[in-house]
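Position 1 is the first residue of the sequence, and the numbers go up from there. Any value given below was found using the heavy atoms of this structure, including those in side chains, with hydrogens, waters and symmetry copies removed.
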Amino acid sequence: VTHNRFTASFKQIPADCLKGFHIHRGSHTPPHDNDGMPWDVVFARISELQHDVIINPEILHKNEVPEVIGFCNRMLNRPR
């Protein structure tokens, strides 16, 4: 899904450079809690940003959009 330095690399990006996020797994399939991507890290960082961002559910089938939007909402609303 990503190489093992993702979290460290992601933390090095200055907050003001984070403008948009493409949310998907490999092959543009919907994300899941246990798909190997550290979504908790990604969404914790998104939640900390002090500016608006774009969250793009980048998937192949439009019928999967509600599932991905639900996933994003759940992740953004998790207690931190």
Side-chain angles (χ1 to χ4, degrees):
V1 65
T2 60
H3 57 80
N4 54 5
R5 293 191 315 232
F6 170 80
T7 301
S9 297
F10 185 52
K11 288 179 180 179
Q12 291 179 346
I13 302 170
D16 60 338
C17 293
L18 295 171
K19 307 288 185 191
F21 299 84
H22 290 243
I23 305 299
H24 62 85
R25 294 187 298 157
S27 301
H28 302 281
T29 57
H32 297 284
D33 289 330
N34 59 354
D35 63 13
M37 180 68 181
W39 293 116
D40 55 335
V41 172
V42 172
F43 282 94
R45 184 91 190 268
I46 292 171
S47 296
E48 294 170 356
L49 296 174
Q50 299 297 311
H51 58 273
D52 291 340
V53 298
I54 296 169
I55 298 177
N56 178 13
E58 189 171 317
I59 53 175
L60 292 177
H61 304 287
K62 67 181 179 180
N63 64 327
E64 295 173 327
V65 170
E67 176 186 348
V68 179
I69 289 173
F71 174 82
C72 293
N73 283 331
R74 284 190 308 279
M75 294 301 294
L76 286 169
N77 292 309
R78 278 190 176 176
R80 309 231 185 271

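- In this pair, F6 and F10 present their aromatic rings parallel. The plane angle is below 30°, not in the 30 to 60° band.
- Rounded to the nearest 0.5 angstrom, S47 OG and D40 CG are separated by 11.0 Å.
- In this structure, L60 places its CG atom where more than 12 heavy-atom neighbours from other residues, nucleotides or ligands lie under 6.0 Å away.
- Put simply, CG on L18 and CD on E48 are 10.5 Å apart, with the number rounded to the nearest 0.5 Å.
- No side-chain donor-acceptor contact under 3.5 Å links R45 to the backbone of V41.
- The backbone N or O of P31 lies less than 3.5 Å from no partner atom in the side chain of D35, so there is not a single donor-acceptor pair.
- Residues passing the ring pair (Phe, Tyr, Trp, His ring centres under 6.0 Å) test with H32, sequence neighbours excluded: none.
- Atom CZ of residue R25 and atom CH2 of residue W39 lie 9.5 Å apart, to the nearest 0.5 angstrom.
- Residues I13 and V42 are members of one and the same hydrophobic cluster, defined by side-chain heavy-atom contacts under 4.5 angstrom among Ile, Leu, Val, Met, Phe, Trp and Tyr.
- With contacts defined as side-chain heavy-atom distances shorter than 4.5 Å, the pair E64/T29 does not qualify.
- In this structure, the separation between NZ on K62 and CD1 on I59 is 12.0 Å, given to the nearest 0.5 Å.
- The CE atom of M75 sits 11.0 Å away from the CD1 atom of I55 when rounded to the nearest 0.5 Å.
- The CZ atom of R5 sits 9.5 Å away from the CD atom of Q12 when rounded to the nearest 0.5 Å.
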